Amino acid sequence: MSKNQVLVTGGTGYIGSHTVVELQNQGYEVIIVDDLSNSEIEVVDRIEKITGKRPFFEELDLVNESGVEALFKKYPNIGSVIHFAAFKAVGESVKEPLKYYQNNICSLINLLNSMKKYKVENMVFSSSCTVYGQPEDLPVTESAKVQPAESPYGNTKQICEEILRDTVKAFPEIKAIALRYFNPVGAHSSALIGELPKGVPQNLVPFITQTAIGLRDQLSVFGDNYNTPDGSAIRDYIHVVDLAKAHIIAAERLLENKNEEGYEFFNLGTGTGSSVLEVINAFEKVNDIPVNYKIVDRREGDVEQIWADTTIANEILGWKAESGIDEMMESAWKWEQAIRKGNA
Ligand code: UD1
């Protein structure tokens, strides 16, 4: 039997769940592993509702080395691993660095050790544009230099990329692609899966949707005195479904042995920057609902502006983001309403 299964770590999480849907839509058999520390088991039911197919599910903390080994032993037909599972709150990582280093780094090491042992050769890894810091030139290309991380979270992404680079070099049978995400937002068009932050959202779009629905009184816009056209900070927001699709392309590139270098990394964005105020305006306009906001001081550690040069991803992966900011805001709002109505 060929190794046609895909192991998706963090598969009940935000980007993971959307990727599982796309994988299943394309006929792949998926095993989700997740410790449910930041997601709900019901996501598995919702994935089944969307795709008509139930993925395998294993509840496991990937820091548990013997647990990871047992997983690979139980599923001998894993052909590739898409590794999302990680902590991602920038502020929390400053307060609890060891929690972040232990979780994000040990998980990757345990996976790679088991991949070596059980001859699973392909890994797609979730990285972030945070590795670039504030780049000197915009849009940012993959050849821009990696800057010292601003937070332990950001540092774990850099360290994990280095671990992958060294591992692939030492064990050429293993191949890896790191995908450097810009700002994933939006939700599946079914409104059955989406981003579900626990507690007060730290990211812009969930804060907008929760303010619009009345769960938060007011959105704070962090700074209007940046050196940008309207003074608010600029990011490259990308629809989570576009992002999910890139993972399947990356996994197939590995499966088909197309990545000659062994280790590769790609920027995943739309190539267009939007300011915080532009995002709020787009949300208000497309959904015809006001968002109560006020301008406050800049948030510590924020970069002024960053957006992606996506030429390499476009040309080498043959992938291009399709949705614009309006579709992102429309789907995010549909999802927020579905959650509050209890439909999700
Ligand atoms: C951050 C991380 C990124 C990580 C992502 C996911 C950095 C530099 N970036 O992205 O690596 O992958 O979170 O958690 O570490 N904003 C407001 N009001 C709010 C919230 C945000 O004005 O209530 C602004 C921010 O100042 C920023 C923009 O909205 O300009 C986007 O913020 P956010 O959604 O938190 O993402 P990043 O900080 O870009």
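Just so you know, these numbers come straight off a predicted model, no measurement behind them. Numbers here are sequence positions counted from 1. Whatever order the structure lists them in is the order used to number ligands and atoms, beginning at 1.
- Cation-pi geometry between R298 and F222 is not satisfied (NZ or CZ under 6.0 Å from the ring centre, within 45° of the ring normal).
- Relative to the six-membered ring of Y263, K175 misses at least one condition, a distance below 6.0 Å or an angle of at most 45° to the axis.
- Ligand 1 places these atoms under 4.0 Å from at least one heavy atom of S220: 17 (C), 18 (N), 19 (C), 22 (O), 23 (O).
- Between the choices D224, I306, V276, the shortest heavy-atom distance to atom 24 (C) of ligand 1 belongs to V276.
- Those atoms of ligand 1 with a heavy atom of T130 less than 4.0 angstrom away are 7 (C), 8 (C), 11 (O), 15 (O).
- Each of the atoms 20 (C), 35 (O) of ligand 1 lies under 4.0 Å from some heavy atom of Q202.
- Residue contacts with ligand 1 for D302 involve side-chain atoms from C-beta outward but no N, CA, C or O (heavy atoms, distance under 4.0 Å).
- Heavy atoms of N203 found under 4.0 angstrom from ligand 1 belong to the backbone as well as the side chain.
- Contact between Y237 and ligand 1 is present, with at least one heavy atom of the residue lying under 4.0 Å from the ligand.
- For the pair Y181 and ligand 1, no heavy-atom separation below 4.0 Å is found.
- Under a 4.0 Å heavy-atom criterion, S128 is in contact with ligand 1.
- More than 12 heavy atoms of other shown residues, nucleotides or ligands fall within 6.0 angstrom of atom NZ in K198.
- Defined by atom type and a distance below 3.5 Å, a donor-acceptor pair is present between the side-chain atoms of Y132 and N267.
- A tilted orientation is assigned to the rings of F84 and Y181, their planes being inclined by 30° to 60°.
- If you number the atoms of ligand 1 from 1 as listed, the ones under 4.0 Å from a heavy atom of V90 come out as 2 (C), 15 (O).
- Around atom 10 (O) of ligand 1, the closest heavy atom drawn from I280, I208, N183, T211 belongs to N183.
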Q: Might you work through the side-chain hydrogen bond (donor to acceptor under 3.5 Å, both in side chains) test for N155 and Y101, ending with a clear yes or no?
A: CA-CA 9 Å; N155 207 19; Y101 286 117; 2.9 Å; yes

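- Between A233 and ligand 1, no pair of N/O atoms sits closer than 3.5 Å.
- Taking both residues in full, the closest heavy atoms of L243 and I238 are given as CD1-CD1, 4.0 Å, listed atom of the first, atom of the second, then distance.
- In the model, S126 has no side-chain atom that pairs as donor or acceptor with a side-chain atom of H83 under 3.5 Å.
- Counting only heavy atoms of the protein, atom 12 (O) of ligand 1 lies nearest to Y153 OH, 3.0 Å.
- Listed by number with element, the atoms of ligand 1 under 4.0 Å from a non-hydrogen atom of K88 are 14 (O).
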Q: Take Y153 and F87, measure what ring pair (Phe, Tyr, Trp, His ring centres under 6.0 Å) needs, and give me the verdict at the end.
A: CA-CA 8 Å; Y153 156 76; F87 293 150; over 10 Å; no

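- With no hydrogens or angles considered, no side-chain donor-acceptor pair links Y28 and E22 at under 3.5 Å.
- Ring to ring, W307 and F182 are not that close: their centroids are 6.0 angstrom or more apart.
- Contacts with ligand 1 closer than 4.0 Å are made by no heavy atom of V205, backbone or side chain.
- Nearest protein heavy-atom contact of atom 16 (N) of ligand 1 is F222 CD1, 3.5 Å.
- In this comparison of R299, E304, R235, the heavy atom closest to atom 32 (O) of ligand 1 sits on R299.
- Below 4.0 Å from some heavy atom of V221 lie the following atoms of ligand 1, by number and element: 22 (O).
- Heavy atoms of other residues, nucleotides or ligands lying less than 6.0 angstrom from NZ of K99 number more than 12.
- Residue contacts with ligand 1: V303 is placed with no nitrogen or oxygen under 3.5 Å of a nitrogen or oxygen of the ligand (distance criterion only).
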